[in-house]
2 protein chains.
Amino acid sequence: MNEGVEWAMHSCLNLAWIGEGGDGRDGREGGGPRAVTAARLAAYHELPTAYLNKQLQALVRAGILSSVSGPRGGFRLARGLDRITLMDVVVAIEGPDEAFRCTEIIGQGPGAVTTGRPSAECAIAEAMGRAELAWRRELAARTLADVRAQAERQAPSAPERIRRWFASTA
Amino acid sequence: MNEGVEWAMHSCLNLAWIGEGGDGRDGREGGGPRAVTAARLAAYHELPTAYLNKQLQALVRAGILSSVSGPRGGFRLARGLDRITLMDVVVAIEGPDEAFRCTEIIGQGPGAVTTGRPSAECAIAEAMGRAELAWRRELAARTLADVRAQAERQAPSAPERIRRWFASTA
DNA sequence: GAATCACTACTCGGATAGGGTGTGTCCGAGTATACATGG
DNA sequence: CCATGTATACTCGGACACACCCTATCCGAGTAGTGATTC
């Protein structure tokens with residue numbers, strides 16, 4: 001799996017924590033002055049700046065983030081964390097294609113069955129699809145808000161620490 | 001996902017159907033004379049022979065198939081389909097690594113937390129791992145015997161047709 | 001003093017190279033068969 | 001006729017190229033701020 005998924009999720013969480021900072025804005029839409037640049041988000045985890053920028057662009061295309069160019073520009077959450085599922089992020093980065101793609105080999109070669117809709121007869125694709133559906137359901141059921149709550153439960157000091165770091169070195 | 005997974009599963013099912021053929025052997029261990037070559041398994045679905053051979057080797061290493069070299073050689077099921085889960089095949093081909101690997105970026109950079117076991121604190125990795133676990137559970141719960149039963153339910157004529165084809169053109 | 005305008009600096013956005021993992025192919029190691037040979 | 005040894009053909013097994021996608025990077029488009037200029 002593309003590791004940009006992990007970066008994107010961390011960045012979204014960081015954006016949420018930063019957005020709750022001093023000015024009272026919550027980091028969501030509405031012209032809040034605190035748009036965070038890709039460079040700072042990358043610096044926090046020592047990631048390649050330009051590449052993270054590319055991933056964030058994908059999130060913008062998916063409507064998860066909103067971006068603004070120019071000075072004072074950067075990225076902002078387009079909606080609350082409770083409206084962003086892990087599935088949304090994965091689809092935004094990895095694309096909508098499912099991992100197991102049935103190449104319909106059952107419909108090729110001497111053993112071909114020409115009676116329409118061959119995919120419906122492929123029990124293998126059906127079983128693999130069922131497993132992947134379970135994976136997708138699990139991801140779609142969990143929002144970034146849930147993950148954030150879990151993270152704060154495990155490390156209550158993290159939000160304040162992150163806010164501090166992003167506030168300093170302005 | 002590696003598409004060799006699909007090939008491997010189809011080949012296993014074909015081996016099982018062929019094994020139940022005329023001589024009364026069930027295709028499992030025990031010196032049954034009907035070992036099927038990679039070339040014939042590949043020809044049935046018009047797949048590249050050498051590459052399918054490579055995948056079948058992986059199944060042998062995983063103990064799913066048993067191989068025999070030389071004339072009259074080929075591949076045979078090492079155990080019954082009811083003892084082969086979809087997870088076994090996936091692991092044999094794809095390897096045991098999980099798709100989402102946590103690169104521990106939370107432990108890098110200025111925001112690093114040096115209090116031991118950082119992975120335990122990564123709520124993202126925990127959530128992704130939970131989803132992947134659901135996927136693995138689903139695959140581990142379904143055996144190739146289940147898939148075969150489903151396939152025969154959808155296309156009752158398939159086993160006989162496959163047996164015929166592999167018996168002919170000897 | 002206030003408004004206007006050009007300039008500058010900064011950020012995203014998409015287009016452009018490099019590396020690693022699948023994808024596909026090839027030739028050698030090993031063996032059961034068939035045959036020639038000798039008893 | 002039967003046993004033995006040898007040659008042979010066939011199959012798996014691992015080593016060798018090719019291609020595609022992920023990774024990483026760079027430069028251009030667009031914009032908010034800044035300062036000078038003018039009324």
Novice: Give each protein N/O atom lying under 3.5 Å from an N/O atom of nucleotides 4-11 of chain C, with the pair distance.
Specialist:
residue, atom, partner, partner atom, Å
C:dT11, O4', A:Gly70, O, 3.2

Novice: If you apply the rule side-chain contact (heavy atoms from CB on, under 4.5 Å), what do you find for A:Leu52 with A:His45, and how did you get there?
Specialist: CA-CA 11 Å; A:Leu52 177 63; A:His45 292 299; over 6 Å; no

Novice: Between P on D:dC12 and CG on B:Leu15, what's the gap in Å once rounded to a whole number?
Specialist: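 Those two atoms, CG and P, are 11 Å apart.
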
Novice: Can the ring centroids of A:Trp7 and A:Tyr51 be said to lie less than 6.0 angstrom from one another?
Specialist: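 Yes.
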
Novice: Measure CG/A:Leu47 against C1'/D:dA24 and give the value in whole Å, please.
Specialist: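 Computing the A:Leu47:CG to D:dA24:C1' distance gives 12 Å.
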
Novice: Counting heavy atoms from C-beta on, name the nucleotide in D:dC22, C:dT23, D:dA24 closest to the side chain of A:Arg101.
Specialist: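 Output: C:dT23.
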
Novice: In this structure, how many angstroms lie between the P atom of C:dG13 and the CD atom of A:Gln55, rounded?
Specialist: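 Those two atoms, CD and P, are 13 Å apart.
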
Novice: Mapping A:Glu3 and B:Ser67 to their closest nucleotides on DNA chain D, which lands nearer the 5' end?
Specialist: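 Its nearest nucleotide lies further toward 5', so the answer is B:Ser67.
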
Novice: Report yes or no: is the cationic atom of B:Arg40 (NZ for Lys, CZ for Arg) closer than 6.0 Å to the six-membered ring centre of B:Trp165, at no more than 45° off its axis?
Specialist: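 Yes, a cation-pi geometry.
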
Novice: Could you check how far OH of A:Tyr51 sits from P of C:dG19, rounded to whole Å?
Specialist: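 A:Tyr51 atom OH is separated from C:dG19 atom P by 15 Å.
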
Novice: So do the side chains of B:Ser11 and B:Leu56 get within less than 4.5 Å of each other, counting heavy atoms only?
Specialist: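 The answer is yes, as the side chains (C-beta and beyond) meet within the 4.5 Å cut-off.
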
Novice: Between P on D:dC22 and CG on A:Leu52, what's the gap in Å once rounded to a whole number?
Specialist: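 It is 17 Å, rounded to the nearest whole Å.
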
Novice: What's the closest nucleotide to the B:Ala50 side chain, out of D:dC26, C:dC26, D:dG13?
Specialist: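 Given the options D:dC26, C:dC26, D:dG13, the side chain of B:Ala50 is closest to C:dC26.
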
Novice: Report yes if a side-chain nitrogen or oxygen of A:Asn53 is closer than 4.0 Å to either non-bridging phosphate oxygen (OP1 or OP2) of C:dG13; otherwise report no.
Specialist: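 The answer is no; no side-chain N or O of A:Asn53 sits under 4.0 Å from OP1 or OP2.
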
Novice: In whole Å, I'd like the distance from the NZ atom of B:Lys54 to the C1' atom of C:dC26.
Specialist: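 That distance rounds to 12 Å.
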
Novice: For the pair B:Arg79 and B:Asp88, find out whether any cationic side-chain nitrogen is under 4.0 Å from an anionic carboxylate oxygen.
Specialist: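 Between B:Asp88 and B:Arg79 there is a salt bridge, with a charged N closer than 4.0 Å to a carboxylate O.
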
Novice: What I'd like to find out is whether the side chain of A:Val90 reaches to under 4.5 Å of the side chain of B:Met128, using heavy atoms alone.
Specialist: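 Heavy-atom side-chain distance check passes, below 4.5 Å.
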
Novice: With a 4.5 Å cut-off on side-chain heavy-atom distances among I, L, V, M, F, W and Y, is there a chain of contacts connecting A:Val60 to A:Val5?
Specialist: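 Yes.
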
Novice: On the nucleotide C:dG13, are OP1 or OP2 found under 4.0 Å from the side-chain N or O atoms that A:Arg61 carries?
Specialist: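 Checking C:dG13 against A:Arg61, no side-chain N or O comes under 4.0 Å of OP1 or OP2.
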
Novice: What is the separation between atom CD on A:Glu94 and atom P on D:dC22, rounded to the nearest whole Å?
Specialist: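 Going from CD in A:Glu94 over to P in D:dC22 covers 7 Å.
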
Novice: Expressed in angstrom and rounded to an integer, what is the separation of A:Gln57 atom CD from C:dG13 atom C1'?
Specialist: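 To the nearest whole Å, that distance equals 5 Å.
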
